[in-house]
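Take a look at the structure set out below.
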Amino acid sequence: MRIRKLGWTDLNLSTIGLGTWAIGGGKWKFSWGPQDDRESISTIRRALELGINWIDTAAVYGLGHSEEIVGKAIRGLRDRPIIATKCERVWDKDGNIFGRLKKESIRSEVEASLKRLKIEVIDLYQIHWPEPDKDIEEAWTTLGNLIKEGKIRYAGVSNFNIEQLKRVQPIHPVASLQPPYSMLERGIEDKTLQYCSENNIGVIVYSPMQKGLLTGKFTRERVRNLPEDDHRRRDPRFQEPELSANLKLVEDLRSIAEKGGRTLAQLAIAWVLRRPEVTAAIVGARRTSQIEETVVAGDWVLSKEDIAVIKTLLDRRQKAS
Ligand SMILES: NC(=O)c1ccc[n+]([C@@H]2O[C@H](COP(=O)([O-])OP(=O)(O)OC[C@H]3O[C@@H](n4cnc5c(N)ncnc54)[C@H](OP(=O)(O)O)[C@@H]3O)[C@@H](O)[C@H]2O)c1
């Protein structure tokens with residue numbers, strides 16, 4: 001497994017990090033359907049055995065449940081993995097989710113996350129969404145103070161645009177940005193990656209397999225049969241007219257993966273890692289077999305020829321939408 005340094009920090013991350021959103025379990029607004037906690041714990045432990053050295057979670061995943069499961073999975077391990085979690089998405093007793101960036105809110109969130117994860121310090125604490133936008137400076141100042149107090153080691157942001165990064169940078173340097181990036185979500189390619197590289201900000205990209213859509217294991221029937229509480233039922237990329245165009249792209253990509261004896265899931269991940277500005281990909285998994293398949297993508301360097309063919313296919317897909 002390749003290791004890359006996260007921006008200016010001293011965190012050395014495996015190029016694949018384990019994403020634990022789906023592990024938050026069912027029955028909340030952005031759930032991925034039912035999930036067995038024992039299976040989640042096995043998946044996390046297997047990922048670590050396979051050389052993944054960091055885990056991404058968030059307070060809101062499963063309304064605290066993902067952090068609790070991560071806490072259970074890492075308990076008693078001799079080498080604790082690097083833990084990245086997030087603040088800002090808070091919820092009420094009915095499960096309604098809000099964005100809060102006020103100092104008091106973040107201070108109580110960090111205590112709750114430390115407790116659920118059962119750790120003394122969070123290695124990378126990230127603002128999940130810049131919402132409300134007017135409070136990002138207050139939140140960022142608070143994260144700076146939490147570093148001084150030893151509650152967190154580094155502070156990062158997620159889903160920020162360049163303007164928002166520029167607003168918080170002077171308060172204290174941003175360790176990392178967590179943006180979406182996949183063959184179907186290429187918004188960061190134009191300017192954001194360059195900005196991060198110039199400012200030595202690490203980039204850890206999320207949903208590299210576009211929530212499983214790029215793995216080749218989705219069909220129209222599978223989408224129709226997703227559990228009621230799987231939020232992907234409401235995701236436009238899993239609905240017509242986008243779904244047909246996305247499934248066609250996946251079929252067009254299949255031969256590129258298979259000629260090298262690889263899978264589509266591995267291709268999707270290797271493709272985001274081709275960019276040197278990307279520190280690592282956050283790869284979601286809810287079963288051991290999934291991470292066993294995807295982990296090897298961390299070592300796959302795509303050829304120039306394959307990258308060029310994929311570019312043609314993606315440009316064609318973009319025109320179809
Ligand atoms: N900061 C943010 O706003 C934000 C947003 C999204 C995600 N994230 C982070 O990024 C992580 C990864 O993103 P993601 O989970 O949205 O998407 P992803 O990594 O693109 O896809 C993960 C999903 O794909 C399916 N899958 C995984 N391995 C597979 C395999 N080998 N074969 C077939 N299907 C496979 C699984 O779902 P099924 O088995 O159910 O199909 C899995 O839950 C998250 O877990 C989270 O930590 C952050």
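Numbering of ligands and ligand atoms starts at 1, following listing order. This is a predicted model, so every value here is computed, not measured.
- The distance between the ring centers of W32 and Y61 does not fall below 6.0 angstrom.
- Contact annotation: for D56 versus ligand 1, heavy atoms closer than 4.0 Å belong to both the backbone and the side chain.
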Derivation of the salt bridge (charged side-chain N to carboxylate O under 4.0 Å, His left out) call for R287 and E293: CA-CA 10 Å; R287 281 191 285 286; E293 176 184 336; over 6 Å; no

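- Residue contacts with ligand 1, taken as heavy atom pairs separated by less than 4.0 Å, do not involve A268 at all.
- At a heavy-atom cutoff of 4.0 Å, ligand 1 is contacted by the backbone of T20 but not by its side chain.
- Relative ring orientation between W8 and Y154 is described as perpendicular, the plane-to-plane angle rising above 60° on a 0-90° scale split at 30° and 60°.
- Looking only at heavy atoms of the protein, atom 32 (N) of ligand 1 is closest to K217 NZ, 2.9 Å.
- When ring centroids are compared, H231 and F238 stay outside the 6.0 Å threshold.
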I282 and V205: CA distance, side-chain angles, deciding distance, side-chain contact (heavy atoms from CB on, under 4.5 Å) verdict: CA-CA 6 Å; I282 311 174; V205 300; over 6 Å; no

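- At the top of the distance list for atom 23 (C) of ligand 1, counting protein heavy atoms only, stands W32 CZ3, 3.7 Å.
- The V283 neighbourhood of ligand 1 comprises atoms 19 (O), with distances under 4.0 Å to a heavy atom of that residue.
- Under a 4.0 Å criterion applied to the non-hydrogen atoms of H128, ligand 1 contributes the atoms 1 (N), 2 (C), 3 (O).
- The distance criterion of under 3.5 Å between nitrogen or oxygen atoms is met by Q290 with respect to ligand 1.
- Less than 4.0 angstrom separates some heavy atom of R222 from each of these atoms of ligand 1: 38 (P), 39 (O), 40 (O), 41 (O).
- Using a 4.0 Å cut-off between heavy atoms, M209 contacts ligand 1 through both its backbone and its side chain.
- Looking at residues two or more places apart in sequence or on another chain, you find a side-chain contact (heavy atoms from CB on, under 4.5 Å) between S42 and T288.
- Here T294 has side-chain heavy atoms under 4.0 Å from ligand 1, and that is the only part of it that gets that close.
- Classification of K248 and D252 as a salt-bridged pair holds, one side-chain N sitting under 4.0 Å from a carboxylate O.
- Heavy-atom separations between R287 and ligand 1 include at least one value shorter than 4.0 Å.
- Proximity of S207 to ligand 1, defined as any heavy-atom pair under 4.0 Å, is shared by backbone and side chain alike.
- For ligand 1, the atoms sitting less than 4.0 Å from at least one non-hydrogen atom of P208 are 19 (O), 20 (O), numbered in the order shown with element in parentheses.
- In this structure, R116 CZ and T85 OG1 are separated by 7.5 Å, a value rounded to the nearest 0.5 Å.
- Within ligand 1, counting atoms from 1 as listed, the ones closer than 4.0 Å to a heavy atom of T215 are 33 (C), 34 (N), 35 (C).
- Of the N or O atoms in R286, one or more lie within a sub-3.5 Å distance of an N or O in ligand 1.
- Put simply, CG on D230 and CG on N225 are 11.5 Å apart, with the number rounded to the nearest 0.5 Å.
- Under 4.0 Å is where a charged nitrogen must lie from a carboxylate oxygen, and between E221 and R224 no such pair does.
- Nearest non-hydrogen protein atom to atom 46 (C) of ligand 1 is Y61 OH, 3.4 Å.
- Looking only at heavy atoms of the protein, atom 1 (N) of ligand 1 is closest to S158 OG, 2.8 Å.
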Worked check of side chain to side chain donor-acceptor pair (under 3.5 Å) between E131 and N159: CA-CA 10 Å; E131 290 170 6; N159 299 303; over 6 Å; no

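- Contact annotation for E293 and ligand 1: only side-chain heavy atoms (C-beta onward) come within less than 4.0 Å of the ligand.
- Residues satisfying the salt bridge (Lys or Arg N to Asp or Glu O under 4.0 Å) criterion with K151, sequence neighbours excluded, are E111.
- Considering backbone and side-chain atoms alike, S289 places every N or O at 3.5 Å or more from each N or O of ligand 1.
- Note on D306 versus K259: salt bridge recorded, some NZ/NE/NH1/NH2 to OD/OE distance being below 4.0 Å.
- For the atom pair OG1 (T142) and OH (Y125), the distance works out to 10.5 Å, reported to the nearest 0.5 Å.
- Between K86 and ligand 1 there is a heavy-atom distance shorter than 4.0 Å.
- Among protein heavy atoms, the minimum distance from atom 3 (O) of ligand 1 is reached at N159 ND2, 2.9 Å.
- Numbered from 1 in the order shown, with element, the atoms of ligand 1 that lie under 4.0 Å from a heavy atom of Q178 read 1 (N), 2 (C), 4 (C), 8 (N), 9 (C), 48 (C).
- In summary, the atoms of ligand 1 found under 4.0 Å from a heavy atom of A22, numbered by their order in the structure, are 43 (O).
- By the 3.5 Å distance cut-off applied to N or O atoms, G284 is counted among the residues near ligand 1.
- At a heavy-atom distance under 4.0 Å, only side-chain atoms of R232, from C-beta outward, approach ligand 1.
- Side-chain atoms of S182 and S207 form no donor-acceptor pair, as typed in the model, at a separation below 3.5 Å.
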